[in-house]
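Contents: one structure, followed by commentary.
Note on naming: letters A, B, ... go to the chains in the order of the sequence lines (proteins, then strands), and numbering restarts at 1 for each one. It should be emphasised that the depicted structure is a prediction, and the values quoted were computed from it without experimental measurement.
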Amino acid sequence: MSNEVVYNRIPMLRAERGISRKDLAAALGVHYQTVGYLERGEYSPSLFLALKIAEYFEVPVEVVFSLHPFARLGS
Amino acid sequence: MNRWEKQRERLENMPAQRLWATRPARRRLVAVGVAALCLLWAGLVVIVRYAPSDLARNVYLSMFAVSLLVGFPVMGWLNAAARGALSLPERFLDERQLAERRRAYTSAHRATSVVLGVLFVLTNVVSHADGQLTLTIPMALVAPLALTLFATHYTIPVLITGWRLTDPPPDDDDPSEIQVTSKDA
């Protein structure tokens, strides 16, 4: 399990929309540190939480999470 | 605000959070906790060797007091560092905290099994040391043994969690933390 890598764009989406970790955590019903751990890639969310995050940002889940690194913006 | 919500608030805002914010500091704290637990076990050896006697009573009670004085704050700080992952009811925890709690309990179950297994082997070795058919066990050993087993059972998950905890993300948004991709640890 430990070598399973899930990439995410939560920091980018959050920064883009000016949402703090605490606000996002409150909206998702998780501890604010969980958002930090998700962003740092130290925790991979359940399918339920991943869908909730995608729903919160109003984007498809594959926009937020991927099994492959996201392409850098402008590349 | 109910009792658990108050406890959660207290854990979040403990000034000690800053003291133990780094992994090396938390691991030192865990080492102190392990030492306090070992002191309780060492106290049992004193009872077995010297009880019943004033010496055994005084030495054991001194060791017990030191263990208590050291162990209580250490457990409190480690529980706070884990943000209540082991001390709050499940309904107050999110999925990451629940996973953390389950991992700690699974490892603690293994560790406690090893402790009980070693205790079983040791008691057998002591019982059959000189081919004796009877063994005198001081009554003074019974309650401290039960207490030590309880302390071991209670503290091991907290010590394991404290050892494993990674450094928490900063409370406020730090621009250096923002990355587009991240990987599973």
More than 12 heavy atoms from other groups under 6.0 Å of CZ on R49(B): no
Y50(B), OH: over 12 other non-hydrogen atoms inside 6.0 angstrom: no
Crowding at CD, E55(A) (>12 non-hydrogen neighbours, <6.0 Å): no
For D94(B) against H31(A), the heavy-atom pair lying closest together: OD2-N, 2.7 Å
Enclosure of R103(B) CZ (heavy-atom neighbours >12, cutoff 6.0 Å): no
Reported OG1-to-OH distance for the pair T166(B) and Y43(A), which is rounded to 0.5 angstrom: 13.0 Å
Side chain proximity check, Y32(A) to E12(B), heavy atoms < 4.5 angstrom: yes
E95(B) side chain to S46(A) backbone, donor-acceptor under 3.5 Å: yes
Atom CD of E58(A): over 12 foreign heavy atoms under 6.0 Å: no
Option among T34(A), V35(A), V30(A) that satisfies the side chain to side chain contact (heavy atoms under 4.5 Å, CB included) test with R96(B): T34(A)
